[in-house]
Amino acid sequence: METILKVKNLKKYFGRVKAIDGVSFEVEKGEILGFLGPNGAGKTTTIRCLLDFIRPSNGEIEIFGYSSRNPDFYKSRSKIGYLIAGSNLVEQWTGYDHLSYQEALHGESKIKNELIKKFSFDPKPKVKNLSTGNRQKLGLIMTLMSEPEFLVMDEPTASLDPILQEEFYKIIRKLSSEGVTVFMSSHNLAEVEKVCSKVAMIKSGKLITVQKISALEGKKIHSVKITFSEKVSKDLLVDKNTEIQEEIPNGFELSVKGEMDAFIKKIAKLKIESISIMQANLEEIFLEFYKK
Amino acid sequence: MIAIIKRALRDRFIPFISYSIGGIVLVWMYIALLPSVQQSQVQLQDVMKAMPEGLMKALGVSGVNLASLEALLAMKQYNMIWPLLMIFFIVSFAGGMIAGEVENRTIEIVLSSAKSRAKIFFSKYLSGIIYLILFVVATTLCAIPMAKLYGYEYAAPNYYTLMYLSLCFGLAVYGLSILFSSLFSSRGKVYGISGILFVAMYVLFILVSLKDSLKNLQYISFFYYYNINDALIHNKIDGLSVFVFLSIGLIASLLALIIFLDRDFAV
């Protein structure tokens, strides 16, 4: 598999603030990597480093073999489509102005009109007269019109309505199947679960995990709601894999990490009144990571 | 590169046209006023005699025959109004070009293309130079056809000398403005710092003209080197002025490039 993006021990400090602190990960050709994290985690800073808007304090980025340490790093952007946020478009320009300028910078587009039609976008009004959703549409058209091999997007579906979000997911999946690599940041777990093949989680500038979505889903965390017909001390249940979430009448709500076998054997000795066991969804797995 | 230059020129066409027309209209107004100025020359000379010699020098009217078109334009237009017009235009242009785009993040559009930072800088820089040259040429040489139109006597070579001096002055102002624009991330800061700098230079120039004890400070003001009387009335240009203006313009532009190549574009 060809590696499109390699991030090695990336650090970006703003004075004493460590916006990114030793982040390393790779993205293979055709993958859709969801870059997840809360506000201020370092997602946008990482993206800005990828595009060379800001310079790393340390570490290295390699995109299509071009290293951020070399002066020809900018050439990597000939294959990158970066999603400009709707608020970062020029208010006085029309949609056409943006699209023409994009063509002047990236070369003539064969699919510009097709994209305009697909997104039902009117390029005649000035950007200052466009709604937030329409600005986002314009940004997406600008990103996709040069048919890039690598898409970098910071919260791409923010301010798109659900129908357009679905249209966007379809486009991204189709592009990925054609070999286009995607790096997208998001707060939205459901979105990442739906569209991404891999997820990287970042918190306070440090990468917590990089996993295939399928592997993450396989992380065994179970929510167990159990009541007993006898008085049971919580100390009997708690161990390194089992935590009490809440005490309920005659029982507990627990989260159990890892295999259930040991837990089942432990409670088998007790007088159980009722029990329900549910596998955690991606959101709970995500929150579990952030607790660390 | 051409695309970036074209876009920058297009975006700032209206301010360019407005400032240029403003400069031309003022010249036209003073040219139209020449007959009445000539008629009231005796009274004007009396008023001027009553003014301090230093201030007269600062205003560029010391020992000048106000009856000539060149003297009138030097005193009324090119001594103060034109430099202010040029500074406003150039500072607003340069401030919007980098700092302004960083401030509203529209610089991401060009930075996300496969163009090197050096190319982006030079494209933006060149667009400023193009408008600076056009502005200077339009607002200095416009006096020649107008004088011809009104049938006044004029010394054409003097206007070319004025144009060269003004262009050098403009390049120094542009160099410093683009340096501030490259350094800061908000156009307000560029306008503020440039404004303070150029106003301080002008005030210093006036103070030095009035107070002999401050004479050594005159060399740090651009307005000392921008000797309009010599250029427009006597058709002379001081080599030191050209050297100072071009050196400052060049050094400031190089510093702006170095900063642009290495800075973070984030607010």
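A, B, ... follow the sequence lines: proteins, then strands. Residue 1 opens every chain.
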Heavy-atom check, side chain of [X] versus side chain of [Y], under 4.5 Å:
| X | Y | value |
| --- | --- | --- |
| A:N88 | B:I109 | no |
| A:D97 | B:R7 | yes |
| B:D262 | A:R55 | yes |

Approximate separation, where rounding is to 0.5 Å, of [X] [atom1] and [Y] [atom2]:
| X | Y | atom1 | atom2 | result |
| --- | --- | --- | --- | --- |
| A:Q102 | B:S112 | CD | OG | 6.0 Å |
| B:S116 | A:R77 | OG | CZ | 8.5 Å |
| B:S113 | A:I80 | OG | CD1 | 11.0 Å |

Review point. Would you say B:R105's side chain and A:I84's backbone share a donor-acceptor pair under 3.5 angstrom?
Key: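 Side chain of B:R105 to backbone of A:I84: no pair is present.
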**Study point:** B:R117 (side chain) donor-acceptor with A:D52 (main chain) under 3.5 angstrom
**Key:** yes
Exercise for review: Report the option among A:Y82, A:Y101, A:F73 that has the most heavy-atom pairs separated by less than 4.5 Å from atoms of chain B.
Suggested key: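 Going by pairs under 4.5 Å, I would pick A:Y101.
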**Study point:** Interface residue of largest heavy-atom contact number with chain B, from A:T45, A:T44, A:V90, A:D72, under 4.5 Å
**Key:** A:V90
Check your understanding: Do you know the tightest heavy-atom contact between B:A114 and A:S78?
Key -> CB-N, 3.4 Å
**Study point:** Shortest non-hydrogen contact from A:W93 toward B:D11
**Key:** NE1-OD1, 2.9 Å
Check your understanding: Which atoms of B:L261 come close to chain A, meaning under 4.5 Å heavy atom to heavy atom: side chain ones, backbone ones, both, or neither?
Key -> backbone
Practice item. Please state whether the side chain, the backbone, both or neither of B:R10 comes within less than 4.5 Å of a heavy atom of chain A. Key: side chain
Does atom [atom1] of [X] have more than 12 heavy-atom neighbours, drawn from other residues, nucleotides or ligands, at distances under 6.0 Å?
| X | atom1 | result |
| --- | --- | --- |
| B:F16 | CZ | yes |
| B:K119 | NZ | no |
| B:Y150 | OH | yes |
| A:E178 | CD | yes |
| B:F88 | CZ | no |
| A:K43 | NZ | yes |

Point to revise | A:K79, part contacting chain B, at a heavy-atom distance under 4.5 Å | key: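 For A:K79, neither part sits under 4.5 Å from chain B.
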Review point. Step by step, would you call B:D264 with A:F14 a side-chain contact (heavy atoms from CB on, under 4.5 Å)?
Key: CA-CA 10 Å; B:D264 284 346; A:F14 296 105; 3.9 Å; yes
